[in-house]
Amino acid sequence: MEVVIAPTESIGEIVADDVATLLEAKPHAVIGLATGSSPLRAYDSLADRVERGELSFAEARAFTLDEYVGLPAGHPCSYRSVIHREFVARVDFADGAVTTPDGNAADLDAEAESFDWRIAAAGGVDLQILGIGTHGHIAFNEPGSSLASDTRVKMLTEQTRRDNARFFSDGMDAVPQLCLTQGIATIMRARHILLVATGEGKADAVRALVEGGVSAFRPASILQHHPRVTVVVDPQAASRLVYAEYYSNASERRPSYQT
Ligand code: F6R
């Protein structure tokens with residue numbers, strides 16, 4: 001695991017640099033996209049690079065992590081709408097290149113199973129962008145999630161619904177109780193995982209992810225078992241890391257990625 005501690009303003013560029021490096025080497029790469037506020041600076045930077053003609057997603061494909069169950073199609077808070085608005089519509093993916101789980105599928109279990117098949121059929125995810133919940137979820141794998149889970153229906157915790165109520169004009173009651181989420185095993189199959197966290201509110205979750213024991217209680221901690229994870233955090237999100245100074249020195253001086 002590599003921990004990069006950087007000023008909040010530069011985090012978007014760091015993530016965008018990794019995406020750009022991948023696309024230069026592999027224009028048809030498969031990218032895993034997270035919704036939520038954490039990757040927004042990276043999406044802004046990537047959209048700017050595409051606009052300047054420095055980068056293209058024309059041959060790339062993407063899969064999103066999760067979706068609420070039961071929001072009407074086109075609802076502004078559905079993750080399909082959010083990722084389209086915040087990122088996909090601003091870059092040059094080919095039509096049909098971005099796949100999102102369908103939270104209105106008649107058979108949600110079949111949709112979940114087919115989602116993992118579609119990722120596999122695309123060759124697997126090369127670079128997965130992740131955020132982290134305040135209690136340590138990745139995608140919507142809430143505390144207690146099986147560390148071997150595939151994509152499935154999951155019930156959201158009160159805490160996640162409270163955290164996400166800020167996006168819904170009608171408040172917490174409007175936040176669905178159920179979601180479809182990539183499983184932890186699904187996420188762990190990505191070749192490189194890049195997790196972004198900013199702000200004091202994420203400090204406990206980041207501590208548990210990097211320095212805690214691996215536990216379903218803090219699902220992100222499973223990333224300690226992945227061979228290539230980059231955790232990009234600002235000083236506030238890193239504020240409870242015991243080895244923060246070591247991580248900073250190591251990432252500044254590293255010859256290349258260090259596990
Ligand atoms: C989003 C997702 C979630 C968020 C997490 C952090 O697709 O799966 O795990 O990444 O809840 O959300 P923000 O970035 O809004 O703090």
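One-based numbering, in listed order, for ligands and for the atoms of each.
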Next item on the list: Find all atoms of ligand 1 within a distance of less than 4.0 Å from any non-hydrogen atom belonging to G36, and give their numbers and elements.
Entry: 14 (O), 15 (O)
Next item on the list: Using the six-membered ring wherever Trp is involved, compare the ring planes of F168 and H75 and label them parallel, tilted or perpendicular (cut-offs 30° and 60°).
Entry: tilted
Check: What is the closest protein heavy atom to atom 10 (O) of ligand 1, and at what distance does it sit?
Finding: G131 CA, 3.3 Å
Margin query: Which of the numbered atoms in ligand 1 are under 4.0 angstrom from any heavy atom belonging to K202?
Written below: 6 (C), 13 (P), 16 (O)
Next item on the list: Please work out whether any backbone atom (N, CA, C, O) or any side-chain heavy atom from C-beta onward of I132 is under 4.0 Å from ligand 1, and answer side chain, backbone, both or neither.
Entry: backbone
Margin query: Taking distance alone, with N or O pairs closer than 3.5 Å, would you say Y79 contacts ligand 1?
Written below: no
Next item on the list: Have a look at T151 and tell me which of D109, T181, D66, D116 forms a side chain to side chain donor-acceptor pair (under 3.5 Å) with it.
Entry: D116
Checklist line | ligand 1 versus T35: contacting region, heavy-atom distance under 4.0 Å | finding: both
Next item on the list: Please report which non-hydrogen protein atom sits nearest to atom 2 (C) of ligand 1, along with the residue it belongs to and the distance in Å to one decimal place.
Entry: D66 OD2, 3.3 Å
Note to self: Within ligand 1, which atoms have a heavy atom of S37 less than 4.0 Å away?
What the structure shows: 13 (P), 14 (O), 15 (O), 16 (O)
Check: Should the pair Y43 and F87 be assigned to parallel (<30°), tilted (30 to 60°) or perpendicular (>60°) ring geometry?
Finding: parallel
Margin query: Is it the case that the side chain of N141 and the backbone of Q182 share a donor-acceptor pair, with hydrogens and angles ignored and the cut-off at 3.5 Å?
Written below: yes
Note to self: Taking transitive links into account, so neighbours of neighbours count too, which hydrophobic residues share a cluster with W117 at under 4.5 Å side-chain distance?
What the structure shows: none
Item checked: Side-chain hydrophobic cluster, 4.5 Å single linkage: members besides M172 -> none
Check: What about the rings of F167 and Y79, do their centers lie closer together than 6.0 Å?
Finding: no
Item checked: Main-chain N/O of G199 paired with D234 side-chain donor or acceptor, under 3.5 Å -> yes
Notebook entry, point to check: Between R166 and ligand 1, which part of the residue brings a heavy atom under 4.0 Å of the ligand: side chain, backbone, both or neither?
Noted result: side chain
Check: Is there a nitrogen or oxygen of A139 sitting under 3.5 Å from a nitrogen or oxygen of ligand 1?
Finding: yes
Next item on the list: Looking only at protein heavy atoms, identify the closest one to atom 14 (O) of ligand 1 and say how far it is in Å.
Entry: S38 OG, 2.5 Å
Check: Which protein heavy atom lies closest to atom 11 (O) of ligand 1, and at what distance to 0.1 Å?
Finding: H137 NE2, 2.7 Å
